[in-house]
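Below, chain A is the first sequence line, B the second, and so on; all start at residue 1.
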Amino acid sequence: MPRLAYSFPEEVLEHVFSFIECDKDRGSISLVCKSWYEIEAWCRRRVFVGNCYAVSPATVVKRFPKVRSVAIKGKPHFADFNLVPEGWGAYVFPWIKAMAAAYPWLQEIRLKRMVITDECLELIAKSFKNFSVLVLTSCEGFTTDGLAAITANCRNLRELELRESEVEDICGHWLSHFPDSYTSLVSLNISCLGNEVNLSALERLVSRCTNLQTLRLNRAVPLEKLANLLRGAPQLVELGTGTYSTEMRPEVFANLAEAFSGCKQLKSLSGFWDVLPSYLPALYPVCSSLTSLNLSYATIQSSDLIKLVSQCESLQRLWVLDYIEDAGLEVIAASCKDLRELRVFPSDPFGLEPNVALTEQGLVSVSEGCTKLQSVLYFCRQMSNAALDTIARNRPNMTRFRLCIIEPRAPDYLTREPLDAGFGAIVEHCKDLRRLSLSGLLSDRVFEYIGTYGKKLEMLSVAFAGDTDLGLHHVLSGCDNLRKLEIRDCPFGDKALLANAAKLETMRSLWMSSCLVSYGACKLLGLKLPRLNVEVIDERGPPDSRPDSSPVEKLYIYRTVSGPRLDMPGYVWRMEDDSALRVS
Amino acid sequence: MELQLALALPIPTNPSNLLHLNSTHKKRTFSQLLDHAPQTLTLLPLTPNHNITKNDHDEDVEAIVGWPPVNYLRKKLRVDNCGDEVVGNNDHMLRLDHHRHHDHGSDGVVESKSNTLYVKVKMEGVGIARKVDLGMHQSFQTLKETLMDMFGKCNPQSNTYELAYQDKEGDWLHAEDVPWRQVHHTILILKKNNQNPVKFIVPRIIIIIRILLHIHCELEFVFSLKI
């Protein structure tokens, strides 16, 4: 009897699979049997590529022929901090080209840390008739001319978000290329643009797009224009202001306050460059319903910040500068009981002396008062094991904990000891911790704790820490779920890496810079593990010109099913089977 | 010439003191100026050996690449709000010229407005520094007024404030003795030669109080020259 008689018709399976959105589950489905593999591939609509070099565009379009939405990430995270030299790669063009041919019905493209040129944008505008979502996070390589191609041609565009991308701002008129008949905009984020956009075009656009929910303006939009824009879009849910200051004029203030009162759906605020504190009360009508507040560009003092934030009782996410100070964080601990995510950025990251009264105490207060707190990014200048222990015990529900003590290798300021025990407490008590960034004085001990307790850890960032290879070994051998490991300026060398080479194939990527990994070890890894790309970044010239024992500047290792990449710049050498030199 | 400017409070006794100071033809030490002006607040650089020709690793600039881990937008924010254009300079170098050893040239500055001469001004007790565009001022008078407005904590009797500066040898001099044009010109020259900024850090108020025993007011201003 044919086995087919016992299986569901394809259409039924497709329908069932359509309810499965999680990539991991989709992957599991595809492993059940050949027909499930094929059906799943045929009906997969969303693809997420965590490392653009882990798989080739051709492989993706071949396996998943009906994709509507694609998300791709490029450069390593440390590229955000200038550790990846210019021209490293992550070009999206080969992807766009392949998708233009294979996915005429593609609707969504989301990119992070990739290089996208105007040519790419023009190709997108030309190739995808139903194109509706373009989100570019920390991308670069394009200008406002490229944006003009999108706005002029994408009739169904719903979302256009340029988040923290570097755009060459040639002309503000790209926004005017939306035809007058175009009304489908739902989300517009231009916060990273340097120059003015055509304001009257923006006003007309905002008022005719009645579905607009997110509007993030750039700094060049003056405060006087904000009220008008808000009146045109009272349904806004997320707003990013432009400059939040102008001469204090009562009529401007009244106008603004009234406009804000009209926005009954507003849940998220950001922007706030150049804040004049006397304009902040205009926001008071919306404060109590805010769930997200980004004041991380607002250079205002603690007292003004407190007046504002104390009214935001529904706040779930707060990003703020360290001007908030311990006093402000105490107020937040008392007022914002729903807080889930806190990020405190440094106002003077390179100053020698503390310029604000923000210490570990602020974070301790929030960890006590905000029982739902699970995600923290905190820059400060002093920390103690005792404080970290308290935080860990207060908040075992923590899932992301990133602490940056500004001075490298700073010890516990009370006991002068390493902060091993403190971070140890964090990994021990926070059993669901997925992301951790370390700082301060740390010995191999802390890595022992992380390897022992950090079983759910997926991403670890390490800087200026550890004593010997044992530290790295603890992490690689102990953290079962580790996907991304990034290390800089640590005395880790060959031993741990070679001993745990197989582990590297279970991870997305490993970054090591200014460590002690030798060229010889890199060659060995490249030789032994063909499913990894072992790339040495060294701007001093060919690694062959130095002894095998000489440490490499930077090392980026990632798993791939597509073999070595072909677009490496001159300072990147791949370690592969036979030759260690790139054939140029 | 290394310039360090400070706002001095009024000399409370008779105005002829000014003439007296001017006519001595002798440079005054800090304490001498102090004797004549008990409320004078002036500042000593924390790093008296700071050398204007030091190119990299000005203490206020990112001495370690990529640390602390803040992205370029936040670094730029600091440039914009603290007037420290060298951060921008460094940032630009790191971002675009990282692996090419250019000299930075005039386009190394993030904010390349051609006629501005931004100077960072910090006031003790106030966390946030401000920027003053010296190019916008034609005289010390307007500069004084701007500073007083900016910080808003001064006693509004504006006539009683004076500007003082410390020269390379550490002597305190009345700024108004030097023609404004010369000050402006000197700063311009420093800027054109792409000299790294000289940062003068505000010493702790406690130290000041020890030195200036009969001080009543807490005002201190520091100018740092940003190129």
Contact class of Ser165(A) relative to chain B, heavy atoms under 4.5 angstrom
backbone
Could you walk me through whether Ile64(B) and Phe464(A) satisfy the side-chain contact (heavy atoms from CB on, under 4.5 Å) test, starting with their C-alpha distance in whole Å, then the side-chain angles of each, then the deciding distance to 0.1 Å, before giving a yes or no?
CA-CA 11 Å; Ile64(B) 305 169; Phe464(A) 306 103; 3.8 Å; yes
Quick check on Glu168(A): does its CD atom have over 12 non-hydrogen neighbours (other residues, nucleotides or ligands) under 6.0 Å away?
no
Determine whether Phe379(A) and Pro69(B) make a side-chain contact, defined as any pair of heavy atoms from C-beta on separated by less than 4.5 Å.
yes
Arg488(A) side chain vs Gly66(B) backbone, donor-acceptor pair below 3.5 Å
yes
Can you give me the closest heavy-atom contact between Leu73(B) and Tyr297(A), atom names plus distance?
CB-OH, 3.7 Å
Leu321(A) versus chain B, the contacting section by heavy-atom distance below 4.5 Å:
side chain
Please check: side-chain N/O of Trp67(B) versus main-chain N/O of Ile406(A), any donor-acceptor pairing under 3.5 Å?
yes
Does the side chain of Pro68(B) come within less than 4.5 Å of Phe350(A)'s, by heavy atoms?
yes
As an exercise: rank Pro346(A), Ala463(A), Ser296(A) by heavy-atom pairs under 4.5 Å with chain B and give me the winner.
Ser296(A)
